[in-house]
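Just so it is clear, the values below take in all heavy atoms, side chains as well, and ignore hydrogens, waters and symmetry mates. Counting starts at 1 for both ligands and their atoms, following the listed order.
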Amino acid sequence: MNIQTKAVHSGDRKQPQKQIPVATPVHFAASWVCSDQAEQDRIFAAEEKGFAYSRYHNPTNEALEELITSLENGAGALACASGMAALQHSLMAALLDRRRKVLCARDVYGATIKLLMDVLGPFGVETTFVDTGDLAAVERAMEEEKPGVLLLETISNPLLRVSDLPALAALCRKQGTALVVDNTFASPLLVRPLEMGAHIVVHSSTKYLGGHGDTLGGLIVSDEEHLEAVRRLSRIVGPVMGPMECFLTMRGIKTFPLRVERQCRNAQGLAAWLRQQPGVERVYYPDDPQHPDAEVVSRLLPDGLFGGMVSFELKNAQSKEGAFEFLDRLKLIVKATSLGDVHTMVLYPWISSHRDVSPKQKQRMGIRENLIRLSVGIEALDDLVADVAQALA
Ligand SMILES: *Cc1c(COP(=O)(O)O)cnc(C)c1O
């Protein structure tokens, strides 16, 4: 079945009742009553599938988990309270019986670096960073570090590098390293990392999957090998998404293929227009034939779908003050720190996502003081162009 069809059908209308509600109800119950003690005994022993307590299983959560499992072609899923909770949980599940070492892509989400250094670090997890665009460097680091996990993002933030997932997965499988992929920026419409050899996929569903800027959430989709650990640890810790958020996320997902297609088209149009502007020094968008990963892009991304993120450097505003002036002139585009919503959003990495990165490190990463990141929405392209044009003028 195609992803557009799965997005609206998977997970819903599952109840074995005669009259089936068209949408999955929001089950707020914390616990369930069994018909007799023997049944409860079988459920606690996991001999029978059923509901006992919402930290273990909840029908609304289960519907969303079935939906995302189907979209990513995984073995099973866990819906978590946030993208960060999902990342932490998946790393713990993957490291459970592996060396407590993480090899992490250099250009990941800022909080992901903090999770590794400030949360998992004190518990004995060592992290080294590598440029995942350089396969030889990854191979060397894998041999030296023998990491338990390789962690990376399908499309990186904010310079939109695209990782060669099949090649990296092959390296991981040779070494027994688990490949954990944050697929937030690509969404399963563009890339499904489990099909390319990844072990665990994580989403901040707050972004493209939820899509409306109204629901925080994270999703873990696992292969068969790691699913037991993901579910077993969650039974104990309970980093789970609330049922109302599961309902909202599921409602969002039904239209995500439509939204993301439109966002990709708008982003490509805006990137093309930006390249023509004298006030713009450089545009970062994966459809560029000069893109450093152009060959990987042509293999991994579907025809004409290069993602909804566009970054660019201002020519006449090399300083923070100049960038502020440009940003303050924007009227329609929303100045907020998220992405993937139906409305277009702008973010200034220098003071937000990369604020705590040292100037030297920023220079090495290519994050300049005139760099602007756009998450393109579903508006009419003309209106977006007009807003950026008046702010550039
Ligand atoms: C937002 C984001 C996260 C964190 O997700 P939350 O839902 O905010 O916890 C992780 N990775 C990426 C790539 C993100 O954009």
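- Close contacts between ligand 1 and Thr206 involve ligand atoms 7 (O) [criterion: under 4.0 Å to a heavy atom].
- When hydrogens are left out, the protein atom nearest atom 15 (O) of ligand 1 is Lys207 NZ, 2.7 Å; that is the closest non-hydrogen contact.
- Inclusion of Gly83 in the set of residues having an N or O under 3.5 Å from an N or O of ligand 1 is warranted.
- Of the N or O atoms in Glu153, none lie within a sub-3.5 Å distance of an N or O in ligand 1.
- Nearest-heavy-atom check against atom 12 (C) of ligand 1 across Thr112, Leu115, Asp182 picks out Asp182.
- In this structure, Leu151 and Leu87 have side chains that are in contact, with non-hydrogen atoms separated by less than 4.5 Å.
- Counting only heavy atoms of the protein, atom 3 (C) of ligand 1 lies nearest to Tyr109 CE2, 3.5 Å.
- Residue Arg275 places its CZ atom among more than 12 non-hydrogen atoms of other residues, nucleotides or ligands, all under 6.0 Å distant.
- If you look at Leu339 next to ligand 1, the close heavy atoms, those under 4.0 Å, all belong to the side chain.
- Here's the thing with Met84: one of its N/O atoms is less than 3.5 angstrom from an N/O atom of ligand 1.
- Residue contact check for ligand 1: Gly217 places a non-hydrogen atom closer than 4.0 Å to it.
- With respect to Arg282 and Glu313, no salt bridge is recorded, no charged nitrogen being found less than 4.0 Å from a carboxylate O.
- Residues Arg192 and Glu195 are paired through a salt bridge, judged by an N-O separation under 4.0 Å between the basic side chain and the carboxylate.
- Taking 4.5 Å as the limit, every side-chain heavy atom of Asn157 sits out of range of all side-chain heavy atoms of Leu339.
- Aromatic ring pairs are classed by plane angle as parallel below 30°, tilted from 30° to 60° and perpendicular above 60°; the pair Trp32 and His27 is tilted.
- Residues Phe185 and Leu190 form no side-chain contact, since every pair of their non-hydrogen atoms from C-beta on lies 4.5 Å or further apart.
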